[in-house]
Asks: 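Just passing along the structure, written as structure tokens.
The sequence lines fix the lettering, A, B, ..., with proteins before strands; numbering per chain opens at 1. Note: hydrogens, waters and symmetry copies are ignored here, and every other heavy atom, side chains too, is used.
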There are 2 protein chains.
Amino acid sequence: MKTTTASAVRQFPCEKCPLQEFAHFQRHEKDELEFLSGFKTGELVADAGTTFLVEGANSAHLFTVLSGWAFRYKTLEDGRRQILNYVLPGDLIGLQGSLMKEMQHSIEAMSPVILCVFQRDKLPNLFRTFPSLAYDITWLASREEQMLDEILLSVGRRTALERAAYLFAFIFQRAKSVGMVKDDKLFVPLKQQHVADTLGLSIVHTNKTLKKLAARGALRWVDRGCEVLDEAVLLDISGWQGLPKVPRPFI
Amino acid sequence: MKTTTASAVRQFPCEKCPLQEFAHFQRHEKDELEFLSGFKTGELVADAGTTFLVEGANSAHLFTVLSGWAFRYKTLEDGRRQILNYVLPGDLIGLQGSLMKEMQHSIEAMSPVILCVFQRDKLPNLFRTFPSLAYDITWLASREEQMLDEILLSVGRRTALERAAYLFAFIFQRAKSVGMVKDDKLFVPLKQQHVADTLGLSIVHTNKTLKKLAARGALRWVDRGCEVLDEAVLLDISGWQGLPKVPRPFI
DNA sequence: CGTTAACTTGACCTGGCTCAAGTAATGTGG
DNA sequence: CCACATTACTTGAGCCAGGTCAAGTTAACG
């Protein structure tokens, strides 16, 4: 049975947060860590396929992803779906729901996802007592906007092949920075339907486009997902410059 | 000659900020206003057609638009352009440039634009001394993300006609909340090329699509721009629910 | 071992693109 | 105040990228 479960026990106390091991992340000061320990109210595991944040819901929480893959999406009334972005470890989600009345998008897990849970009504207190952390949250919001800008450029102006290449290059670089790339290869638990809904294409055309990338050796469809094999080819086809290599905060 | 000029004189001291007259905006507390007066370093006027924020540049400023129209955009190396969003009075711009190393998009004025200028290196001080204002900035960043989500859904999954209808309904509602709609009509200083680059379509097809909207009485092309005439028709064609009617902060 | 979900493939269609040739309005220099 | 250039908007013709429909093929799962 697929569900979302809260765990009473803390497998990952903030001082031992698995995220801080990556060079990509800015480490917290000691006092920040102490504060965050109190800000955090627990952990949550969402099974693959669970929509654990729903559009329109008034969620009382804010999350940081500790591990796993998820995606943010919106749908039109007749069911057409657009995937807005993917969610990887270190990403903060549910901020919209905390600041505005409600979330305007949903989030679904693509693999088991471990979440660090924060109480949203403690957010004003965070802003009052830890300006440095408030700054980090704003930084993360701004980064999400930057990613969306790039995705929108891609969906609006790139061809199907360029768009697909960009998508996998983008995912590859993000995953690499959180240690998910092994042997220069990356497994992504995606269905082709996800790719189609990300690129704004039909599944049939997506399939044909992906075949071309596969023929170039850029990727391979395996068991229940996709293996990204050649970042250089993807960057070349898409004409994308790659992500700026700046250390980033997390909460 | 088109240029961007800084004015030594303050036409709009914060206590008399023209934006605060709109019910749509949350008013500032007295102490916040005093702080903002010091945070503000001047005013700037950008002529129509000026790109006053350039991708890649390391701008030392942060701006709030006091009046006028502008748009944010990105381009691919071969010149293909995607307009990401429009900028209206009350919008905060240049935040990305302040938080990360540099801006990843450009901004161009579509009409004369009056900007309120803030010094970016004073931002950490704002976070330290006025958590409420820091919260407002985060709110604004989150709102921009929310708008982008909706635009991406539109470009990715709506048909040309729905997309165009959505765009004008969206612009109409935003403009309405800052008092730019008179007699239920709105003039927008847009070229059809802007519309094409926003919707991810060619100019030819954009022209044909706009004709359909004009035939339905939704809008009309006039002198140097477009007049939006019927919000209801636009909402109907697009199937869009409209913007949440929540009061919003500004800086 | 039958069922279902996911991926393929081919045939055909169409929304949107490109090319090309207008028209209309505005702006500029003489 | 006219002549000519320029910029924006139109329109038609033909094409093609990507969509739809339909029928397989796998491969996992109960």
Asks: Just checking, is any N or O donor in the side chain of B:Gln104 or A:Asp149 under 3.5 Å from an acceptor N or O on the other one?
Replies: no
Asks: On DNA chain D, nearest-nucleotide positions of A:Leu161 versus A:Arg224: which is more 5'?
Replies: A:Leu161
Asks: Between atom CG in B:Leu201 and atom C1' in D:dG18, what is the gap in whole Å?
Replies: 14 Å
Asks: Could you state the atom-to-atom distance from CD of A:Gln193 to P of C:dT8 in whole Å?
Replies: 14 Å
Asks: Which pair of heavy atoms, one from A:Leu19 and one from A:Pro89, lies closest together, and at what distance?
Replies: CD2-CB, 3.9 Å
Asks: Measuring from the side chain of B:Trp221 (C-beta onward, heavy atoms only), which nucleotide among C:dC17, D:dC9, D:dA28 has the closest atom?
Replies: D:dC9
Asks: Write down the distance between NE2 (A:His194) and P (C:dA5), rounded to a whole number of angstrom.
Replies: 14 Å
Asks: Rounded to whole angstrom units, what separation is found between the CG atom of B:Asn207 and the P atom of D:dG12?
Replies: 11 Å
Asks: Calculate the interatomic distance between A:His205 atom NE2 and C:dT9 atom P; express it in whole Å.
Replies: 15 Å
Asks: Whole angstroms only, please: what is the CZ-C1' distance between A:Arg80 and D:dG18?
Replies: 16 Å
Asks: Looking only at atom types and distance, does a side-chain atom of A:Thr51 sit under 3.5 Å from a main-chain N or O of A:Glu108, one as donor and one as acceptor?
Replies: no
Asks: In terms of the nearest nucleotide of DNA chain D, which residue is placed more toward the 5' end: B:Lys191 or A:Val204?
Replies: B:Lys191
Asks: Would you say a side-chain N or O of A:Lys211 is under 4.0 Å from OP1 or OP2 of C:dC7?
Replies: no
Asks: Look at all strands and tell whether B:Ile203 reaches a base, only sugar-phosphate, or nothing, counting heavy atoms closer than 4.0 Å.
Replies: nothing
Asks: Output the rounded distance in Å from CZ (B:Arg163) to C1' (C:dG16).
Replies: 10 Å
Asks: Of the nucleotides C:dC17, C:dG16, D:dG18, which one has an atom closest to the side chain of B:Ser202?
Replies: C:dC17
Asks: For B:Tyr86 versus B:His194, what's the shortest heavy-atom pair and its separation?
Replies: OH-O, 3.6 Å
Asks: Atom NZ of A:Lys212 to atom P of C:dT8: distance rounded to whole Å?
Replies: 15 Å
Asks: Contact class for B:Lys208 (heavy atom, under 4.0 Å): base, sugar-phosphate, or nothing?
Replies: base
Asks: Does NZ or CZ of A:Arg158 come closer than 6.0 Å to the centre of the six-membered ring of A:Tyr166, within 45° of the ring's axis?
Replies: yes
Asks: Below 4.0 angstrom from OP1 or OP2 of C:dA5, is there any side-chain N or O of A:Gln192?
Replies: no
Asks: Which part of the nucleic acid, if any, lies within reach of B:Gly225 when heavy atoms closer than 4.0 Å are counted: base, sugar-phosphate only, or nothing?
Replies: nothing
